[in-house]
Asks: 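Quick one: the structure is below, and I'll ask about it shortly.
Convention: sequence-line order gives letters A, B, ...; per-chain numbering from 1. Here the structure is a predicted model, which is why all the values come from computation and not from measurement.
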There are 4 protein chains.
Amino acid sequence: MTQVGGIAGEQLRTFIERIERLEDEKKDVQEQIKEVFSEAKGVGFDIRIMRQLLRLRRLRDADRSEQEELLEVYKAAIGMR
Amino acid sequence: MTQVGGIAGEQLRTFIERIERLEDEKKDVQEQIKEVFSEAKGVGFDIRIMRQLLRLRRLRDADRSEQEELLEVYKAAIGMR
Amino acid sequence: MTQVGGIAGEQLRTFIERIERLEDEKKDVQEQIKEVFSEAKGVGFDIRIMRQLLRLRRLRDADRSEQEELLEVYKAAIGMR
Amino acid sequence: MTQVGGIAGEQLRTFIERIERLEDEKKDVQEQIKEVFSEAKGVGFDIRIMRQLLRLRRLRDADRSEQEELLEVYKAAIGMR
DNA sequence: CTGCCATTTTACCGGC
DNA sequence: GCCGGTAAAATGGCAG
């Protein structure tokens with residue numbers, strides 16, 4: 001194995017490239033999201049409102065999970081398995 | 001004014017030091033928080049549960065503000081001032 | 001666009017859900033990235049340094065040296081060596 | 001500690017509220033820091049570079065050069081010059 | 001071009 | 001003492 005300064009260069013390069021490929025994928029998805037926003041805007045919806053709605057829905061989900069989590073943790077605390 | 005490389009060194013130093021002082025203050029407050037947790041733990045409370053509770057309360061607050069915000073934004077959207 | 005619960009409402013919901021689906025996809029990809037980092041970590045690479053590497057590869061060389069130079073100037077300004 | 005709504009509940013609430021108060025304080029300090037940055041920005045300093053400066057001052061010199069060296073090694077490993 | 005919001009990175013803390 | 005996950009800080013991107 002080629003060693004540069006004690007590092008397996010080939011292996012490192014492979015990891016880096018895998019990550020960069022995944023980051024590209026992510027960027028693609030992000031662009032699709034933007035397109036949906038544009039489309040919505042094009043038929044008259046307000047992007048600001050849409051974002052606010054999305055945020056609110058996320059918060060609701062998070063709240064629900066936190067609540068469930070808290071319940072679990074209480075149950076554990078009083079010895080319920 | 002002393003100029004080093006075109007930069008007002010004295011002024012920069014002052015800003016940096018002000019920030020560092022504030023960061024120290026923040027660290028102090030953080031330590032007080034830790035002490036409260038320790039104290040609670042000492043009388044038998046479960047830190048994990050406490051954190052969960054705090055998080056839940058924060059989410060509730062955030063949710064409420066988001067909701068109000070959304071309402072505002074809807075009102076604006078339909079021309080209510 | 002001011003009708004609520006009608007066609008526009010349905011359409012808005014559709015947009016929102018499309019976006020949420022895409023956001024889930026994005027989250028998946030993000031997790032895959034994390035897994036690659038873990039794997040790299042598992043064979044001994046330093047994740048923090050890998051991140052720096054990725055950032056450097058993203059930055060145009062010009063910007064990179066520009067930033068480095070400015071930092072030197074500031075350091076000189078407050079007498080850091 | 002399993003009673004709910006009794007002494008323990010009251011005590012728990014007190015701890016939670018003390019922590020929330022301290023967290024508010026922390027947030028205040030954080031805002032003051034932001035203000036100093038704004039002020040600095042207002043007279044022409046580059047905030048990003050100031051942050052780097054602060055970080056450098058925090059890091060022990062040893063750690064600093066260690067990191068820099070490791071980065072060089074990795075760069076060499078994947079053939080970045 | 002400015003301010004705001006999301007994302008990403010860094011630091012911290014409790015558990016093991 | 002490390003490790004994993006959680007919260008804070010910093011960077012980047014978008015809308016107005």
Asks: Rounding to a whole Å, what distance do you find between C:Ile19:CD1 and E:dC5:P?
Replies: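 My rounded result for the distance is 17 Å.
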Asks: Are OP1 or OP2 of F:dA15 and a side-chain N or O of A:Lys41 less than 4.0 angstrom apart?
Replies: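 No, outside the criterion.
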Asks: Salt-bridged, D:Arg18 to B:Glu39, with N to O below 4.0 Å?
Replies: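 Judged by the 4.0 Å cut-off on N to carboxylate O distance, D:Arg18 and B:Glu39 do form a salt bridge.
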Asks: When the distance from CD1 of B:Ile33 to C1' of E:dA11 is rounded to whole Å, what number comes out?
Replies: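 It works out to 15 Å between those atoms.
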Asks: Calculate the interatomic distance between A:Ile47 atom CD1 and E:dC5 atom P; express it in whole Å.
Replies: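 In whole Å, E:dC5 P and A:Ile47 CD1 are 15 Å from each other.
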Asks: Give the rounded distance in Å between these two atoms: NZ of B:Lys27 and P of E:dT10.
Replies: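 About 18 Å, once rounded to whole Å.
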Asks: So do C:Ile49 and D:Val73 actually touch side chain to side chain, heavy atoms under 4.5 Å?
Replies: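 The answer is no; the side chains never approach within 4.5 Å.
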Asks: Can you see if the side chain of C:Arg55 gets near the phosphate of E:dT8 - specifically, an N or O under 4.0 Å from OP1 or OP2?
Replies: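 Answer no for this pair, as no side-chain N or O of C:Arg55 is under 4.0 Å from OP1 or OP2.
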Asks: Atom CZ of A:Phe37 and atom P of F:dC14: how far apart are they, to the nearest Å?
Replies: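 Atom-to-atom, A:Phe37 to F:dC14, this comes out as 11 Å.
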Asks: Rounded to whole angstroms, how far apart are CD on A:Glu66 and P on F:dG5?
Replies: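 In whole Å, F:dG5 P and A:Glu66 CD are 15 Å from each other.
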Asks: In terms of the nearest nucleotide of DNA chain F, which residue is placed more toward the 5' end: A:Asp46 or D:Arg58?
Replies: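 Between the two, 5'-proximity favours D:Arg58.
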Asks: Does a side-chain N-to-carboxylate-O contact under 4.0 Å join D:Lys27 and D:Glu20?
Replies: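 Result for this pair is no, no salt bridge flagged.
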Asks: Between atom CG in C:Leu56 and atom P in E:dT9, what is the gap in whole Å?
Replies: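 Checked: the CG to P distance equals 13 Å.
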Asks: Quick one: are B:Phe15 and D:Leu54 in side-chain contact, heavy atoms under 4.5 Å?
Replies: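 No - every pair of side-chain heavy atoms lies 4.5 Å or more apart.
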Asks: Within the pair B:Arg51 and E:dG14, is there a side-chain N or O less than 4.0 Å away from OP1 or OP2?
Replies: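 Looking at the OP1 and OP2 atoms of E:dG14, one of them is under 4.0 Å from a side-chain N or O of B:Arg51.
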Asks: Take atom CD of C:Gln30 and atom P of E:dT8, then tell me their distance rounded to the nearest Å.
Replies: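 My rounded result for the distance is 5 Å.
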Asks: Indicate the atoms forming the closest heavy-atom contact of C:Ile16 with A:Met50, along with that distance.
Replies: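 Minimum heavy-atom separation between C:Ile16 and A:Met50: CD1-O, 4.0 Å.
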Asks: Just to be sure I understand the rule, does D:Lys26 reach a base, reach only the sugar-phosphate, or reach nothing, if contact means heavy atoms closer than 4.0 Å?
Replies: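 Here D:Lys26 touches the backbone only, sparing every base.
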Asks: When you measure from the side-chain N and O atoms of C:Arg48 to the phosphate of E:dA11, is any distance below 4.0 Å, counting only OP1 and OP2?
Replies: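 The answer is yes; a side-chain N or O of C:Arg48 sits under 4.0 Å from OP1 or OP2.
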